[in-house]
Amino acid sequence: ARTDLVLGVVLEPPHLDPTAGAAAAIDEVVYANVFEGLTRIDETGSVQPALAESWTISPDGKVYTFKLHTGVKFHDGSTFDAEDVKFSLDRARAADSTNAQKGLFAQIDTVEAVDPATVKVTLKQPQGAFLYNMGWGDAVIVAPESAATNKEKPVGTGPFKFENWARGSSITIVKNPDYWGTPVALDKAEFRVIPDPAAATAAVLSGDVQAFPFFPAPEARAQLEADPRFKVTIGTTEGETILSINNKKPPFDNIKVRQAIAYAIDRQAIIDGAMFGLGTPIGSHFAPHNPAYIDLTGTYPHNVEKAKELMKEAGLQDGIKVTLKLPPPPYARRGGEIIASQLREIGIECEIVPVEWADWLQQVFKDKNFDLTIVSHTEPNDIDIYSRKDYYFGYDNPAFDKVIEELNVTSDEAKRKELYGQAQKILADDAVVGFLFELARMNVWDAKLEGLWVNAPIQANDLTKVHWTE
Amino acid sequence: MDTPVAPIATPRTDDFWPRAFANRSFVIGFAITVIIAFAAALSFVWTPYDVTHLVVSDKLKPPSAAHWFGTDHFGRDILSMIMVGARNSIAVALVAIGIGMGIGVPLGCWAAARGGWLDEVLMRFNDVVFAFPALLSAIMITAIFGPGAVNAIIAIGIFNIPVFARVARAGAIALWPREFILAARAAGKGRLLITVEHILPNIANLLLVQGTIQFALGILAEASLSYVGLGAQPPMPSWGRMLFEAQTMISIAPHMALFPGLAIVITVLGLNLLGDGLSDLLDPKLRRQR
Amino acid sequence: MTPFLLKRLGIGIVTLLLASIVVFAMLEVVPGDPARMMLGMNATEDAVQALREQMGLNQPLIMRYLSWIGGFLTGDFGRSYTYSVPVAQLVAERSAVSLPLALISLFLSTVIAIPVGLYAAAHRGKASDTVAMGASQLGVAIPNFWFALLLVYVFAVALRMLPAGGFPGWGAGVWPALKALILPAIALALPQAAILARVTRSALLDVLNEDYIRTARAKGLPRNTVLWRHALRNALIPVFTILGLQFSFLLAGTIIIENVFYLPGLGRLVFQAITQRDLIVVESVVMLLVATVIVVNLLVDLSYAVIDPRLRNA
Amino acid sequence: MSLLEIESLNLEIDGTPILRNVELSIDRGEIRGLVGESGSGKSMTALTVMQLLPLGARATGQVRFDGKNLLAASENEMCQLRGDDIGMVFQEPMTALNPVKTIGEQVAEGIRFHTRASRPEAEDRARKILDRVGLPEVKYPLSRYPHQLSGGQRQRVVIAIATALNPRLLIADEPTTALDVVLQAQILDLLRDLCHENKMGLLLISHDLAVVADMTDNITILRGGQVMEEGDTARVLSEQTHPYTRQLALASTHVPARRKHPLVQHQPAETPLLKVTSLTRDYLGQRIGFFKRSAPTRAVNDVSFSLWPGQSVALVGRSGCGKSTLARMILALDPPTSGSIEFEGIEITGKSEAELKPIRRHMQVVFQDPYGSFDPRQNVARLVSEPLHLLQPTLGSKERRERVEKALNEVGLTTSDLEKYPHEFSGGQRQRLSIARALITRPKLIIADEPVSALDVSIRSQILDLIASLNARYNLAFIFITHDLTVARAITDDVFVMHEGRIVEAGRTESVLENPQSKPAQELVSATPDLHRAIARKLREQG
Ligand SMILES: Nc1ncnc2c1ncn2[C@@H]1O[C@H](COP(=O)(O)OP(=O)(O)OP(=O)(O)O)[C@@H](O)[C@H]1O
Ligand SMILES: Nc1ncnc2c1ncn2[C@@H]1O[C@H](COP(=O)(O)OP(=O)(O)OP(=O)(O)O)[C@@H](O)[C@H]1O
Ligand SMILES: [Mg+2]
Ligand SMILES: [Mg+2]
């Protein structure tokens, strides 16, 4: 059987250190392949042991004691032990840290290397998601010797070693013969960067790449499905795609206007038009595949008349002009055109302003200089963003904040589920933003290839189980 | 004792049209240009369908009686979009030429009239602008000011300036030593007056021909910019963006790429033919060779 | 000769200096913070600040310009914000794709265009001339990105003869690398060839009207001999001018074509760098392109002197 | 059997008849002149023989060279003949040579093609023939490029190319029209010698009767594509039996009836109309270094003279001697390097355009090229009224129109011409327009820079009449720039002979022309062809 693989990715990572950048593209290459954390997140989204063989949690939920695997070596030959864990976690939460997800480590009070194979982490307060957090790419364990150079030459403990990066083109990793765990089937894997949907389609059709998880051109689905050479799967993601509304800015501070928008949106048309049918409508900020999900799509069903009435009640029957800032992905650009057309029917005239990610982060996310925008929030379980102070959509509801606070200190599953339900409901009722759909993940790969993830609880291309059938 | 060498076209307007209609390039080019311009003008008052109204359920329909050129991925009528897109392309290219001419021609004439160091400085400045790969600079300009038709116009317009400056200067420099200019100077006319009264009318043909060429290039440039997402923004349709959007659907809806592509090719072709025809008609040197 | 060269060199340097100011100033006003861009949505403000400090973005404008220019002069082009590798290395890697691409397409367009132009001029007014010029009109009118799409679907997707895009790198062998450049080079070369063929033809026709062509014919030289020995060389000046201009078009054209074929070339590098606010890369690449254009134009000017003895002591 | 026999030759270009029933023959060693006004078909006749006609031309009839019908010859056969048996020299020496090839290459090329000689052999022959035409190797090596030679030298190269293989027939189509008289005489001598040496037939095309009379044995007179008269040169030109021949002969020797400006002694206290003192003009040398230029060209060197109202003077001299430059400085179109120009006692150098206005209205100009001196895009009314711009206060449109009409009348044009454009006029009419424009402000001085050298002989005589009458009627002073002494003699009182930027001789026209003192003046006078003298000599020779 073949032992090589060319896998298409849309975005090229800016560098390869997952602890120093937000880009999902980094994790898509190195997560689970090159770097490993104490825990890892599997295809179903549940937490699995990784470098930590097992752990115990103190009854007050504040102290986690991790038992580490022994005999683990970094790719440069240095040994992995508790000191590396302490170094990694301390580095990530240091004041001058450039870790993009510093929040993950915010609750950590101290990290202590008890012995080479034991680490004790003490939290400031109990945190339900701590083990999950430790499974993020931003929390992988790096060696002090190589931490500084990981950006160009990542050195981890994973089953693959970094080999080469032809910038702008591809990144190649090869099998790590000294891996501590189950050896992988592939000898070599190349991540080829193909940002352009048309080029991606051509590359897949011509066989240049044999797998393209998160394929960027849903319009090619029917064509690819009809071709026996390929296997096409539709998986879930953690991407809640929303029409973000600047809640602080009039007239959107008026719930009637937000409700009107909610009524005006025809989610199915957006999914059909922008995503060629790929995506699940959502009524609140929660992933439908999550056990705690409740279907709230009926809160404000598509109803133009109702929407117009609400606009009238808000005193805006003469219509308003707003801007709709759209980042580059097709869900935003295409979805934006459809939403603009739908909002036009209730008198909201959208000026479409396409922005690059850099501008979006600056103008929308940081300066909060926007009316409407479309974006997919791809972090898992991130409903808590609505409680963040000063978050870009400017939502402020003490009732909601209380639910989130409670969630943070609750570890009982049933209770958590209930709280999640409450939170979803509050957001839906308040029509905080226009909840559109959960981003689907269309994967295409060679029919003879097995072991790739269908779903993406986190953004990663875990190649540890990938193999050719002939 | 007739037909001495006339290095500059005669203003014989009375026989322009008969001659023009005997010129194949001109006739084809003119016809295409008129049709496109008419389609663009018509789109202001009427299009088969509303291009801002999306009927997602009608998406990707192949050409039919109801939609002559089919529909796009949002169910919009492609013929209507091409008509409105023509308006956009023409407007962008025209205004860009206006900018190029409006600044370039006076600069070129000034350089030619003054000569010396001013000429040198102006032309060096021109070289600087020329040295920037135009598309790259257009991308930078739109990156700064944001994408949109207006910025595309500015970006394309700026790069028309040196072109027109060069053409105007070359034409004017050839005219200045001519005897009729000397005669005008002997009549006490200053540089400005001579430029306005004698130079400009006599380089008008050159500029007209260059104008059609730049027009065609402007349409291509606008298409390229739109293609990389920096041209006119939705809901305003543009040919380049239509092509961009069609890219991924070539195998499922080839008509989406075919028609806007043809629209660009035909328009540019028409303008080039028109320019060719015009330069044949207006250049007496060529006329004599025929 | 030398004073001419000196003067051109001086002008070239001034042009570059002006260009550097323009580029730097332009990018200064580009909105978007490269540090924020690198860290993403969830990054805390102090993490961003720490990175800004690290990247030297907090220094005053003039200092940054001077240190950039100073670095330039000493061959230090700085470090890419996004890739955090030396820009020089990045540019060198990318040039290994773009330069061959531009040269191949220049070569292609020249070997297609000059014979076609010669043939059409020699057969002026005949059917073959009309066909050749009609085809060239079409060639000029076709946007190269559209043509590229057609090529990909015919040769890569339908016939599976050539790769649809990507670049294996010269390390993978010369042939695979060249194969990856064939379609992009054709897409780039076609419109250029069309223009060049037209220019060649009309320059030749102009020359063929000159008195000295009549003199040559009066010597008894056959038409073709006159075309090759007397006309072609005189027609080369406009042809070279266009070739020089085309080079800068080719460089710009690569921006789009490299995107269509996802080739890791300079064009895509700048485009990407602009969207990612990797300003230092943009600045360096633009300067490099401007310098290339200046050098190419200088070469074209020098070629004039080689072609035409009247220009040798100008 | 003659060397060349043309019988009932008809030529059409794109359906327009150009030549009708042309008959012409040349024997070995014979020099035949082909004369006629511009457009009469002289060149086309020559090109038919060479079979180098423009696209769309169709010739019928007989053109036999050595008994071989050229009209039926294939292109290959013609290639064998051209350059080997038939050579041709064209009018314009400046453009007749390929600028990117050395003269050696260009001369040797034909030799190699026809004789299959090796390169060194061919170069050797080229060297010989160049030496023969007066370009000795030591001074003019084969590696020279055409731009490194003067017009006369280039014409010698062209002749070298045409005669390199001792052709049996040489066709020279106005070989000297672009050259000045001194060069013209040299080139004509050269052609004559070559003919005699090799028993070569020569077809000499010219519009200048004097040249033809001097050079040729037989003459053919062409008009509108038809042969008017043909025969022995001396006989045809002396008997002038055909009316057209007489018309041509009269026109080319026409002297307007005019009252000579009296020779008066002016007092030093009187202010002359124009006073030029030590006028000098340098043109910057070519740039030869980054900071260096070659030595400047001194186009006008320390020129002084005075001009009195009503006086008509000629400024004559060889090409490039500085005549036009001097004219431009007087017209304040070009700043002098040093010296002064006073018009009616007022210094004009260094004045601004506005200050010049009152002076300009009294000083107008007529240029050589009757076509180029008009903006093709303006109609007569605008063109002729252009100098009215100089009048203060400005005139109303009615007055302007009256003035224009009056000026047109004065030059013999009608008011119906007001709306026409320059291209709708003949060359002579255009030159009249040009004079009308100069007259419109009622100037006291008109500077005419070669105003008739581009005109056909018949039209030239009309214009000379007009100038003479204006000179008399309005007491207009004229500075008449010309290289043609016949013209100078016809209408001027005094003459200044210029040479290399200086005035080398000045005096009453007749006396200078009859009895030149300086060497340049002598050269000029002796080189100027003269119809009567030539005929007289011919007749004498024939006995
Ligand atoms: N290429 C051409 N196409 C059409 N008509 C032409 C062409 N060349 C010349 N003619 C016409 O042929 C006629 C004869 O021209 P030709 O050149 O033989 O005159 P010419 O006697 O040599 O005059 P000149 O003294 O001005 O040289 C003119 O009426 C001219 O307009
Ligand atoms: N603009 C110029 N720059 C440099 N040299 C010039 C310029 N104009 C004229 N000359 C030179 O000055 C000299 C005199 O030129 P000018 O035109 O006055 O001669 P001319 O007597 O009118 O000759 P022609 O009879 O040929 O018209 C020539 O050697 C010429 O080459
Ligand atoms: Mg002639
Ligand atoms: Mg002169």
Side-chain angles (χ1 to χ4, degrees), chain B residues 24-25 28-29 120 124-125 127-146 213 216-217 219-221 223-225 227-229 239-240 243-244 246-247 250-251 254 257-258 260-262 264-273 276 279 285-286 288-290, chain C residues 11-12 14-16 18-19 22-23 26-32 124-125 130 133 137-138 140-147 149-150 152-153 157-158 191 198 205-206 209 245 247-256 259-260 267 270-271 274-275 277 282 285-286 289-294 297:
Chain B
R24 197 172 36 190
S25 295
I28 301 175
E120 190 82 356
R124 288 293 83 74
F125 188 75
D127 287 350
V128 176
V129 180
F130 231 66
F132 279 83
L135 185 67
L136 175 62
S137 320
I139 289 172
M140 291 210 296
I141 290 175
T142 41
I144 296 170
F145 300 106
I213 296 170
L217 289 178
I219 285 187
L220 277 180
S224 303
L225 275 183
Y227 181 79
V228 291
W239 293 345
L243 276 182
F244 171 75
Q247 265 196 102
I250 283 201
S251 33
L258 185 65
L262 283 182
I264 297 176
V265 172
I266 289 175
T267 309
V268 174
L269 188 68
L271 284 166
N272 280 336
L273 287 174
D276 261 22
S279 66
K285 213 165 103 213
L286 279 170
R288 276 187 301 132
Q289 285 165 16
R290 289 288 137 90
Chain C
I11 290 171
V14 172
T15 311
L16 265 181
L18 270 175
V22 172
V23 173
M26 255 168 121
L27 293 179
E28 228 12 81
V29 288
V30 175
R124 163 154 66 124
T130 316
M133 286 305 108
Q137 281 283 18
L138 208 60
V140 175
I142 292 180
N144 59 12
F145 51 92
W146 194 55
F147 186 59
L149 282 180
L150 298 180
V152 169
Y153 273 82
V157 178
R198 299 184 67 76
L205 288 187
D206 278 353
N209 268 316
L245 282 180
F247 199 79
S248 78
F249 279 116
L250 280 177
L251 286 176
T254 56
I255 297 178
I256 287 186
N259 269 307
V260 175
V270 248
F271 192 70
I274 289 174
T275 56
R277 302 295 177 263
V282 179
V285 176
V286 172
L289 293 183
V290 172
T292 315
V293 171
I294 289 173
N297 281 331

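Here is the naming used below: chain letters follow the sequence lines, and residue numbers restart at 1 for every chain.
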Do B:V265 and C:F147 have side-chain heavy atoms sitting under 4.5 Å apart? no
Quick check for you: among C:N259, C:I255, C:V285, which has the greatest number of heavy-atom pairs under 4.5 Å with chain B? C:I255
Considering only heavy atoms, which portion of C:T130 lies under 4.5 Å from any heavy atom of chain B: side chain, backbone, both, or neither? side chain
Using the rule given for side chain to side chain contact (heavy atoms under 4.5 Å, CB included), can you reason through C:M133 versus B:D276, listing the C-alpha separation, both sets of side-chain angles and the distance that settles it, and then say yes or no? CA-CA 11 Å; C:M133 286 305 108; B:D276 261 22; over 6 Å; no
Could you look at B:L262 and say if it's the side chain, the backbone, both or neither that has a heavy atom under 4.5 Å from chain C? both
Under 4.5 Å from a heavy atom of chain B, the part of C:V140 involved: both
Interatomic distance, CD@C:Q137 vs CD1@B:I28, rounded to 0.5 Å, equals 9.5 Å
With a 4.5 angstrom heavy-atom cut-off, could you sort out which part of B:A216 is near chain C: side chain, backbone, both or neither? neither
Atom pair CD1 (C:I256) and CZ (B:F244), whose distance is rounded to the nearest 0.5 Å: 11.0 Å
Side chain, backbone, both or neither: which part of C:V14 has a non-hydrogen atom closer than 4.5 Å to chain B? neither
B:L273 versus chain C, heavy atoms under 4.5 Å apart: side chain, backbone, both or neither? both
Correct closest heavy-atom pair for C:L138 and B:L269 would be N-CD1, 3.8 Å
Heavy-atom side-chain contact between C:W146 and B:I264 under 4.5 Å: no
